[in-house]
Amino acid sequence: MNTYDFRSDTVTHPTPIMREKMANAPVGDDVYEDDPTVIELEKLAAAYLGKEAAIFVPSGTFANQLAILTHTRRGDEVILGDSSHILIHEVGAAAVISGVQLRPIPTHLGRMDVKSFHHFIRGSDIHYPDTGLICIENAHSEGTVIDLVEMETIYQIGQKNNIPVHLDGARLFNAAHALDVHPSVLAKACDSLMFCLSKGLCAPFGSILLGSHTFIQKAKKNRKLMGGGLRQSGIMAAAGIEALENMVDRLKTDHSRAQQLGKELSQIPNVTVKVDQMDINMVFCKLPIKDVDHFIQYLRNENIIINPPEDNLFRFVTHYWITDEAIKKLSHHVKNYLNQYSN
Ligand SMILES: *Cc1c(COP(=O)(O)O)cnc(C)c1O
């Protein structure tokens, strides 16, 4: 029987054609810059997003931290949302690797208040750190998407103050689908950006960091410093090429399945679906569950894997391996469980 894993889109394993392309990829030593498949992936990504250059790195966290290290100097302040991945989910790496200070600013569902944004840029007072970077996140891992005007406004503030803007676009293509724009439109509203190949796009490995030629040249040396100089990484890059060429459009299907799941769950009594967090491939909901471990085990016995709730909210993520059948199965078993075990 199929097992359906709703924990994240990072659980996606490579498609059969990806595995085939990986097995047949021409490779070289990428530290010598002679892996043709890595070069092809980087060129493809840069052209796709309309940036001058791109660099292939092991993970999304690596890409964000590499961007921070390359944009800033020690002691700089980095402005970012208080619910951002860089602040919450990257192990404090910005302090360890780049020696920067993070300045979280309030967000609502991942969105920063653009009107008060300029207050957070430091002036020239001798007491202040220098503002070295602004980081934005789109799509946000709370399931929301920031609209283009907001991104552009922040980018303009950055430009006016000579502060670079980095976009954490781990789910960039999901954001682009939700906003119904080409991903390069989002890439235009920042100096550097990264996206993950290893989430909804199904590649087993890697992220791409993009920016100007000068920025990526500098990042290449910093990638080596961080231990990310890889050798025959063309084997992984081959999956990335397949991801970019053939997996981007189908993310729309994940979005509509999430909508479907949200609809089905909301029809179950006492279930609250967070409709304002359904911009992409995620459904957040409140379930009247008394014993979380029991519920998770119950679904596990039905070959459904979910994460425990965070802040009382369950998150179900759709992806390539989550079919219409999987959606039906999850809502069916949630309903059955609540019928049986809640009062
Ligand atoms: C997943 C994610 C990352 C990090 O990617 P990893 O490959 O897991 O290190 C960064 N930012 C956001 C918004 C993410 O969702």
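Keep in mind that the numbers below use all heavy atoms, side chains included, and drop hydrogens, waters and symmetry copies. Atoms within each ligand, like the ligands themselves, are counted from 1 in listed order.
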field: E90 contact mode with ligand 1 (heavy-atom cut-off under 4.0 Å)
entry: side chain
- prompt: Does the side chain of D113 come within less than 4.5 Å of P106's, by heavy atoms?
  reply: no
K199 heavy atom under 4.0 Å from ligand 1: yes
- prompt: Does M194 approach ligand 1 within less than 4.0 angstrom via side chain, backbone, both or neither, non-hydrogen atoms only?
  reply: side chain
- request: Say whether L265 and Y298 are linked into one hydrophobic cluster, either directly or through other cluster members, by side-chain heavy-atom distances under 4.5 angstrom.
  value: yes
message: Please list, in number order, the atoms of ligand 1 under 4.0 Å from a heavy atom of G60.
response: 4 (C), 5 (O), 6 (P), 7 (O), 9 (O)
statement: One finds that the ligand 1 atoms under 4.0 Å from a non-hydrogen atom of S59 are 7 (O), 9 (O)
query: Looking only at atom types and distance, does a side-chain atom of D191 sit under 3.5 Å from a main-chain N or O of V165, one as donor and one as acceptor?
result: yes
- prompt: Going through the distances and angles, do N64 and H85 end up as a side-chain hydrogen bond (donor to acceptor under 3.5 Å, both in side chains)?
  reply: CA-CA 9 Å; N64 280 335; H85 195 279; 4.8 Å; no
- request: Treating Ile, Leu, Val, Met, Phe, Trp and Tyr as nodes and any side-chain heavy-atom pair under 4.5 angstrom as an edge, say whether F6 and F314 lie in one connected cluster.
  value: yes
field: Donor-acceptor pair, side chain of D76 and main chain of T72, under 3.5 angstrom
entry: no
- prompt: For ligand 1, is there an N or O atom under 3.5 Å from any N or O atom of R171?
  reply: yes
- request: Examine the proximity of ligand 1 to N64 and report which part, side chain or backbone, both or neither, has a heavy atom under 4.0 Å away.
  value: side chain
query: Of the protein's non-hydrogen atoms, which lies at the shortest distance from atom 13 (C) of ligand 1, and what is that distance?
result: E137 OE2, 3.2 Å
field: Salt bridge flag under 4.0 Å for residues E310 and R315
entry: no
message: Counting C-beta onward and ignoring hydrogens, is there a side-chain heavy-atom pair between L179 and N138 closer than 4.5 Å?
response: yes
message: Give me the nearest non-hydrogen protein atom to atom 11 (N) of ligand 1 as residue plus atom name, then the distance to 0.1 Å.
response: D168 OD2, 2.6 Å
- prompt: What residue and atom, counting heavy atoms only, is the protein's closest point to atom 10 (C) of ligand 1, and at what distance?
  reply: H85 ND1, 3.2 Å
Selected option - heavy-atom contact closest to atom 9 (O) of ligand 1, from T61, I86, I88: T61
